[in-house]
Amino acid sequence: MPKVKAEKKSRQHQEVKNQGIMFNTGIGQHILKNPLVVNGIIEKAALRPTDVVLEVGPGTGNMTVKLLEKAKKVVACELDCRLVAELQKRVQCTPMQTKLQILVGDVLKTDLPFFDVCVANLPYQISSPFVFKLLLHRPFFRCAVLMFQREFAMRLVAKPGDKLYCRLSINTQLLARVDHLMKVGKNNFRPPPKVESSVVRIEPKNPPPPVNFQEWDGLVRIAFVRKNKTLNAAFKSTAVEQLLEKNYRIHCSVHNVEVPADFSISKKIESVLQEADFSEKRARSMDIDDFMVLLHAFNSAGIHFS
């Protein structure tokens with residue numbers, strides 16, 4: 001009788017099985033297992049004994065227990081009830097138990113508490129909305145050390161002229177200082193993701209820049225739809241002209257300014273771009289100061305983006 005081959009199981013598979021948890025990669029569950037990387041992230045966060053730390057996606061608590069050793073309190077936000085139970089089990093009957101608060105649910109729908117430092121190994125599909133939720137959070141926090149997909153991290157730190165420079169780059173850099181700290185290979189996770197990762201440090205600018213973020217984002221959004229086009233061409237789209245004309249008419253009625261019968265929004269936009277010397281510039285090579293000047297020129301002419 002032929003031998004029945006025993007099913008081959010990797011060491012990792014065995015470890016996961018022993019823990020009794022199968023990770024759901026559909027919601028971005030990739031647990032950071034390399035203690036050197038965990039220690040590196042905590043070191044970069046420069047924690048103080050008085051700090052309250054917000055941790056998003058604590059998983060099985062590999063990072064949480066080390067954060068609890070260094071900080072006054074850790075608020076961990078976790079979506080998966082199985083992992084919450086795992087985390088509670090891990091700190092049960094230890095001095096750390098009283099220092100840990102767990103918020104169960106989707107971090108994007110949760111009201112964030114006060115915190116000094118944020119540390120997160122995020123599900124990569126919520127990277128962008130989470131960054132802006134953090135940056136618009138008040139009161140200000142000191143810094144965030146976050147794990148992202150490599151390409152997303154490179155977009156965050158991209159400079160004007162870089163291939164990856166985009167709306168995300170300029171909006172993040174308007175509100176914060178961003179630094180790429182380290183690359184993390186996929187084999188440092190269990191189960192390994194399909195992409196390489198990077199750790200980024202974000203420090204919000206305090207006080208924030210004196211600009212209405214909705215207005216700013218409205219302008220940047222239009223300019224970056226086709227970042228290689230000239231601004232003259234970017235503003236020629238019918239949808240853009242209709243939106244800006246509507247906003248202009250509202251602005252005029254609020255300020256009791258009469259709109260001439262032969263008013264043309266496209267000529268108005270063209271004259272603002274020419275006077276400010278931006279007609280032939282392209283979003284891909286414009287920095288924060290350029291957009292500030294341009295926004296001021298449009299607003300002074302009564303053209304608003306929100």
Least distance between heavy atoms, [X] atom then [Y] atom:
| X | Y | answer |
| --- | --- | --- |
| Glu203 | Cys143 | CG-CB, 3.8 Å |
| Gln173 | Val157 | NE2-C, 3.6 Å |
| Pro209 | Leu174 | CG-O, 3.3 Å |
| Ala76 | Leu100 | CB-CD1, 4.1 Å |
| Pro113 | Leu54 | CD-CD1, 4.5 Å |
| Val56 | Cys118 | CG2-SG, 4.5 Å |

Exercise. Does the side-chain hydrogen bond (donor to acceptor under 3.5 Å, both in side chains) test come out yes or no for Ser198 and Arg150, once each step is laid out?
Worked result: CA-CA 5 Å; Ser198 275; Arg150 175 83 40 85; 2.9 Å; yes
Hey, is [atom1] on [X] packed in by over 12 heavy atoms from elsewhere, all under 6.0 Å?
| X | atom1 | answer |
| --- | --- | --- |
| Lys73 | NZ | no |
| Lys70 | NZ | no |
| Glu43 | CD | no |
| Lys72 | NZ | no |
| Lys183 | NZ | no |

Cut-off 3.5 Å, side chains only: do [X] and [Y] have a donor facing an acceptor?
| X | Y | value |
| --- | --- | --- |
| Glu55 | Thr64 | yes |
| Glu215 | Asn299 | yes |
| Arg90 | Asn62 | yes |
| Ser169 | Arg155 | no |

Find the distance between [atom1] ([X]) and [atom2] ([Y]) and round it off to the nearest 0.5 Å.
| X | Y | atom1 | atom2 | value |
| --- | --- | --- | --- | --- |
| Ile42 | Lys44 | CD1 | NZ | 13.0 Å |
| Leu32 | Asn188 | CG | CG | 6.5 Å |
| Asn187 | Lys33 | CG | NZ | 7.0 Å |
| Ser285 | Lys159 | OG | NZ | 15.0 Å |
| Glu196 | Gln149 | CD | CD | 10.0 Å |
| Gln274 | Leu231 | CD | CG | 12.5 Å |

Problem set entry | Hydrophobic cluster identity match, Val259 and Phe298, side-chain contacts under 4.5 Å |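 Same cluster: Val259 reaches Phe298 through Ile, Leu, Val, Met, Phe, Trp or Tyr contacts under 4.5 Å.
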Exercise. Same cluster or not: are Leu136 and Val178 linked, directly or through other Ile, Leu, Val, Met, Phe, Trp or Tyr residues, by side-chain heavy atoms under 4.5 angstrom apart?
Worked result: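 Both belong to a single hydrophobic cluster.
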Side chains of [X] and [Y] in contact at under 4.5 Å (non-hydrogen atoms):
| X | Y | answer |
| --- | --- | --- |
| Asp290 | Met292 | no |
| Ile269 | Leu244 | yes |
| Ser197 | Phe189 | yes |
| Met286 | Leu294 | yes |
| Gln92 | Gln97 | yes |
| Phe291 | Asn171 | no |
| Met147 | Leu122 | no |

Problem set entry | Phe115: ring-ring contact (aromatic ring centres under 6.0 Å, His included) partners, not counting sequence neighbours |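 Counting only residues at least two positions away or on another chain, Phe115 forms a ring-ring contact (aromatic ring centres under 6.0 Å, His included) with His137, Phe141.
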Problem set entry | Pair Phe114 and Phe140, ring centroids less than 6.0 Å apart |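 No, ring centres 6.0 Å or more apart.
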Exercise. Under 6.0 Å between ring centres, would you say that holds for Phe152 and Tyr124?
Worked result: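 For Phe152 and Tyr124, the ring centres are not under 6.0 Å apart.
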Exercise. Please walk me through it: do Asp217 and Gln214 pass side-chain contact (heavy atoms from CB on, under 4.5 Å)?
Worked result: CA-CA 5 Å; Asp217 190 44; Gln214 269 61 44; over 6 Å; no
[X] side chain to [Y] backbone, donor-acceptor under 3.5 Å:
| X | Y | value |
| --- | --- | --- |
| Asp106 | Glu78 | no |
| His30 | Pro191 | yes |
| Thr94 | Met96 | yes |
| Asp162 | Tyr165 | no |

For this session: Run the numbers on Asp179 and Ile202 for side-chain contact (heavy atoms from CB on, under 4.5 Å), then give the verdict.
Result: CA-CA 7 Å; Asp179 296 299; Ile202 295 177; over 6 Å; no
Exercise. Checking side-chain contact (heavy atoms from CB on, under 4.5 Å) for the pair Ser279/Thr230: CA distance, chi angles, key distance, verdict?
Worked result: CA-CA 7 Å; Ser279 296; Thr230 62; over 6 Å; no
Problem set entry | Salt bridge flag under 4.0 Å for residues Lys268 and Glu270 |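 Salt bridge absent between Lys268 and Glu270.
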For this session: Please determine if Glu245 and Arg249 form a salt bridge, counting it only when a charged side-chain N lies under 4.0 Å from a carboxylate O.
Result: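 Salt bridge between Glu245 and Arg249, a charged N being under 4.0 Å from a carboxylate O: yes.
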Exercise. Is it true that the NZ or CZ of Lys227 lies under 6.0 Å from the centre of Phe224's six-membered ring and within 45 degrees of the ring axis?
Worked result: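 Judged by the rule (NZ or CZ under 6.0 Å from the ring centre, within 45° of its axis), Lys227 is not positioned above Phe224.
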Exercise. Members other than Val225 in its cluster, when Ile, Leu, Val, Met, Phe, Trp, Tyr link by side-chain heavy atoms under 4.5 Å?
Worked result: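 For Val225, no cluster forms, as it stays isolated from other hydrophobic side chains.
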Problem set entry | Stepwise side-chain contact (heavy atoms from CB on, under 4.5 Å) check, Lys89 with Leu87 | CA-CA 5 Å; Lys89 215 180 343 178; Leu87 196 52; over 6 Å; no
Exercise. So Phe263 and Tyr248, would you call those rings parallel, tilted or perpendicular, with 30° and 60° as cut-offs?
Worked result: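 It falls in the parallel class, under 30°.
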